[in-house]
Chemist: 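Please read through the structure below; I'll follow up with questions.
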Amino acid sequence: FQIEISKNYGTSDWHDDIKRLLMRVGGNAKEVTFLLADTQIPKESFLEDTSSLLNNGEVPNLFNAEDKTQILEVCSAPAAQSGRAGQAEIFAFFNEQCRKNMHLILALSPIGE
């Protein structure tokens, strides 16, 4: 998985790409390698989100209510198979799946700008 940076690429595009990635690895249980080069980080907030992904497997306040409903629908059955029932447990299951299935490669140049 790799993002495509364009001239008008902004925070909302970044969040959409991260949501798509997390739904693939957490909701669909697909193993995905996310390659992120330093040239693809035009804003410092992208690096902060990347740090959060590495540390916690999630980006705070990324999902809205509609996204959370979709996560509950997709993850309810697999979470129930692992003995998890409540809403908080399903989200914890989703987060575990994200951490298990996403492999993040951060490529930084030692040369700088």
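All values derive from a computational prediction rather than experimental measurement.
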Chemist: Would you say D13's side chain and G10's backbone share a donor-acceptor pair under 3.5 angstrom?
Modeler: yes

Chemist: Return yes when atom CG of N61 has more than 12 non-hydrogen atoms of other residues, nucleotides or ligands closer than 6.0 Å, and no otherwise.
Modeler: no

Chemist: With side chains defined as the heavy atoms from C-beta onward, is the minimum distance between L106 and L35 less than 4.5 Å?
Modeler: no

Chemist: Looking at side-chain heavy atoms only, is the closest gap between H103 and V32 below 4.5 Å?
Modeler: no

Chemist: Thinking salt bridges, do K68 and E73 make one under a 4.0 Å N-O criterion?
Modeler: no

Chemist: In the structure I gave you, are the side-chain heavy atoms of Q70 and E66 within less than 4.5 Å of one another anywhere?
Modeler: no

Chemist: Side chains of K19 and L62: closer than 4.5 Å at any heavy-atom pair?
Modeler: yes

Chemist: Going from CD on E96 to OG on S82, what distance comes out if it is rounded to the nearest 0.5 angstrom?
Modeler: 7.5 Å

Chemist: Between CG of N101 and CD of E31, what distance do you get to the nearest 0.5 Å?
Modeler: 5.5 Å

Chemist: Can you tell me how far the CD1 atom of I41 sits from the CG atom of D38, to the nearest 0.5 Å?
Modeler: 6.5 Å

Chemist: Hey, mind stepping through L36 and I105 against side-chain contact (heavy atoms from CB on, under 4.5 Å) and telling me if it holds?
Modeler: CA-CA 6 Å; L36 184 63; I105 298 172; over 6 Å; no

Chemist: Just how far is it from atom CG of L22 to atom CG of D17, taken to the nearest 0.5 Å?
Modeler: 11.0 Å

Chemist: Going from CG on L54 to CG on D49, what distance comes out if it is rounded to the nearest 0.5 angstrom?
Modeler: 11.0 Å

Chemist: Roughly how far, to the nearest 0.5 Å, is CG of L53 from CZ of F34?
Modeler: 7.5 Å

Chemist: Kindly determine whether F1 and M102 satisfy side-chain contact (heavy atoms from CB on, under 4.5 Å), including the steps that lead there.
Modeler: CA-CA 10 Å; F1 183 87; M102 181 180 58; over 6 Å; no

Chemist: Does a side-chain heavy-atom distance below 4.5 Å link M23 with F94?
Modeler: yes

